[in-house]
S.K.: 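Below are the structure tokens for one structure; questions will follow.
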Amino acid sequence: MTFTMSLFLLLLLVCSTQASHFYGTVMTYYPKNNNANGSITVDLHYKLNFHLCSQFATWACFSGDCGTDSDVVLSEVDEEIGTLEWCQNEGIMTRQVSTNAPFQLWLAGGNWIDNIVNGIINWRAITLVELRNRSDTNQANRSPQTTILPVLRVPSNCQRDFNLLAFDPDGDKVECRYGNEALSECNPCTPPSVLNLSPSCTLSFSPTDSINKGLWAVQLVMEDFPTQNITLTQTNGTQTTITTINAISKIPVQFVLSVDRAVPSCTEGLYLPKFLPPTPDNRAQLYAPVNQTLEIRINAKANNSTISDLLFSGPYNMNRIILGAGQYILSWTPSENQIGENHPVCFVVQALFNTVEYQSKLRCVIVNVGYDPYPIPIFIGLKMKVSALSSLSEDYIYDKIIEKIRAEMLSQGVPSDFPLSLIRAKLV
Ligand SMILES: *[C@@H]1O[C@H](CO)[C@@H](O)[C@H](O)[C@H]1NC(C)=O
Ligand SMILES: *[C@@H]1O[C@H](CO)[C@@H](O)[C@H](O)[C@H]1NC(C)=O
Ligand SMILES: *[C@@H]1O[C@H](CO)[C@@H](O)[C@H](O)[C@H]1NC(C)=O
Ligand SMILES: *[C@@H]1O[C@H](CO)[C@@H](O)[C@H](O)[C@H]1NC(C)=O
Ligand SMILES: *[C@@H]1O[C@H](CO)[C@@H](O)[C@H](O)[C@H]1NC(C)=O
Ligand SMILES: *[C@@H]1O[C@H](CO)[C@@H](O)[C@H](O)[C@H]1NC(C)=O
Ligand SMILES: *[C@@H]1O[C@H](CO)[C@@H](O)[C@H](O)[C@H]1NC(C)=O
């Protein structure tokens with residue numbers, strides 16, 4: 001009995017360390033405490049995407065003094081059951097380093113899912129953690145903040161831009177590039193020939209031959225650059241000046257692009273789901289007070305297909321609530337120890353037509369966690385007369401009118417992060 005039990009455990013162990021069916025990763029970090037003895041605590045947040053929720057990989061020290069880490073907890077974020085089945089887990093690792101000297105963590109192993117068109121088999125990813133004191137913020141550097149879904153889909157005959165989330169809490173310029181083998185950022189790093197990457201982290205896909213259909217591994221590196229020369233100060237007093245062309249930290253952003261069968265029409269809202277108000281804009285900044293539940297409302301429609309799912313990537317304890325066809329809420333309650341953090345959230349809506357899955361564009365927002373400066377909601381009744389030459393759609397009212405109200409409030413001295421939403425508009 002004991003013998004078979006231990007054999008079973010050993011088998012499980014072997015399976016998990018040789019996990020295959022990798023769908024990519026992303027990692028970001030937040031410096032936490034500066035301890036009196038000069039040591040620093042840093043929280044690293046990462047996503048691991050595999051075929052099964054039970055599969056995982058472990059980050060190891062690649063260079064520098066990576067310090068010691070607490071127990072790593074992996075928690076499920078979201079999963080997809082369909083033609084491609086994946087599960088995204090979030091890992092939170094707290095490391096304590098004795099000085100603020102830079103170090104690198106890496107993930108190395110195998111294998112990605114089978115039949116990747118650009119031939120990637122082994123997985124490899126690197127994060128450069130830079131915690132030196134910046135002369136412009138008088139604080140340790142914070143990494144760019146982003147997240148990604150394990151699989152992004154596009155029909156082979158449609159043009160599409162994937163505008164990745166590229167937010168930096170220090171106000172740095174964020175740029176993306178493909179990984180470099182010489183820096184061990186991937187193995188190999190062959191970029192997908194069907195995508196065009198701009199430094200501002202937009203991946204453009206153009207209609208392509210059906211020969212390019214299939215799964216592509218996208219292995220990006222996201223870096224933050226200061227907007228002026230800055231000095232980085234190490235715990236022992238050593239200073240280094242860096243200019244606007246020197247990256248401060250770097251994080252990996254890796255996922256699978258699925259180039260699918262052609263769709264009868266690329267117009268959003270027919271087969272491909274289209275987001276409707278009040279879905280927040282891509283790259284919008286949202287605000288969530290500690291201990292209060294933030295609700296992100298997401299509406300989408302597709303006239304000629306059936307909306308089947310909302311898939312998301314965000315904090316592991318974010319919940320999806322299904323209100324009805326194409327109507328969802330993502331809800332999340334930040335805790336006290338997340339004050340000052342900026343949490344990335346990305347989502348897509350999927351629809352089905354004749355067993356083919358169609359994905360909306362990718363939308364991402366950043367959720368800033370803080371104390372609530374506006375604890376009581378203010379309701380304002382506004383009577384406006386809007387004249388137009390043609391009839392106004394609900395989208396127009398939401399997008400344009402609310403923009404004008406915000407601009408007016410800004411000019412009256414109301415802060416730009418004031419949460420503003422249109423509860424109801426009545427057309428007469
Ligand atoms: C430094 O301080 C931290 C927090 O107080 C403590 O956990 C750590 O063990 C200390 N390190 C050393 C080398 O004393
Ligand atoms: C960073 O440097 C500034 C100026 O020297 C200092 O006031 C501040 O305490 C330092 N911050 C940390 C986290 O070491
Ligand atoms: C930034 O540093 C570079 C290299 O040291 C120097 O050439 C440049 O003049 C500096 N720029 C500013 C605005 O100080
Ligand atoms: C500070 O530490 C770095 C390595 O972490 C070392 O290269 C440098 O010489 C040290 N500087 C001083 C003043 O001790
Ligand atoms: C979808 O159908 C609605 C109602 O019939 C129509 O108003 C809308 O224009 C259609 N959407 C597209 C993209 O054709
Ligand atoms: C948040 O909730 C925790 C646990 O209920 C409580 O200890 C803490 O004081 C609360 N913080 C704020 C800012 O409301
Ligand atoms: C979408 O559906 C409508 C009504 O069901 C149909 O008339 C139209 O031809 C379809 N559009 C496309 C592009 O297939």
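Both ligands and their constituent atoms are indexed starting at 1 by order of listing. The figures that follow rest on heavy atoms only: side chains count, while hydrogens, waters and symmetry mates do not.
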S.K.: Of all the non-hydrogen atoms in the protein, which one sits nearest to atom 13 (C) of ligand 4, and at what distance?
M.R.: T238 OG1, 3.8 Å
S.K.: Between E175 and K173, does at least one N-O distance fall below 4.0 Å, as a salt bridge requires?
M.R.: yes
S.K.: Output yes when a protein non-hydrogen atom is found under 4.0 Å of atom 9 (O) of ligand 4, and no otherwise.
M.R.: no
S.K.: Mind checking whether H51 and E85 have side chains closer than 4.5 Å, heavy atoms only?
M.R.: yes
S.K.: What protein heavy atom lies closest to atom 14 (O) of ligand 4? Include the residue and the distance to one decimal.
M.R.: N236 ND2, 3.3 Å
S.K.: Measuring centre to centre across the rings, with the benzene-like ring taken for any Trp, is W86 within less than 6.0 Å of F255?
M.R.: no
S.K.: Counting only heavy atoms not in R297 (residues, nucleotides, ligands), do more than 12 fall under 6.0 Å from its CZ?
M.R.: no
S.K.: Taking the six-membered ring for Trp and the single ring otherwise, decide whether the centroids of Y23 and F50 are under 6.0 Å apart.
M.R.: no
S.K.: Can you name the atoms of ligand 1, numbered from 1 with element, that are less than 4.0 Å from a heavy atom of S39?
M.R.: 1 (C), 2 (O), 3 (C)
S.K.: Which residue and non-hydrogen atom of the protein lie closest to atom 4 (C) of ligand 4, and at what distance in Å?
M.R.: Q234 NE2, 3.6 Å
S.K.: Regarding K32 and E341, does a basic nitrogen lie under 4.0 Å from an acidic carboxylate oxygen?
M.R.: yes
S.K.: Nearest protein heavy-atom contact for atom 11 (N) of ligand 1: which residue, which atom, what distance?
M.R.: N37 ND2, 2.8 Å
S.K.: Is I245 atom CD1 crowded by more than 12 heavy atoms from other residues, nucleotides or ligands, each under 6.0 Å away?
M.R.: no
S.K.: For atom 5 (O) of ligand 1, tell me which residue out of I40, V97, N35 has the closest non-hydrogen atom.
M.R.: N35
S.K.: Does the residue S98 have a heavy-atom contact with ligand 1, meaning some pair of atoms that are separated by less than 4.0 Å?
M.R.: no
S.K.: For atom 6 (C) of ligand 1, what's the nearest protein heavy atom and its distance?
M.R.: Q96 OE1, 3.6 Å
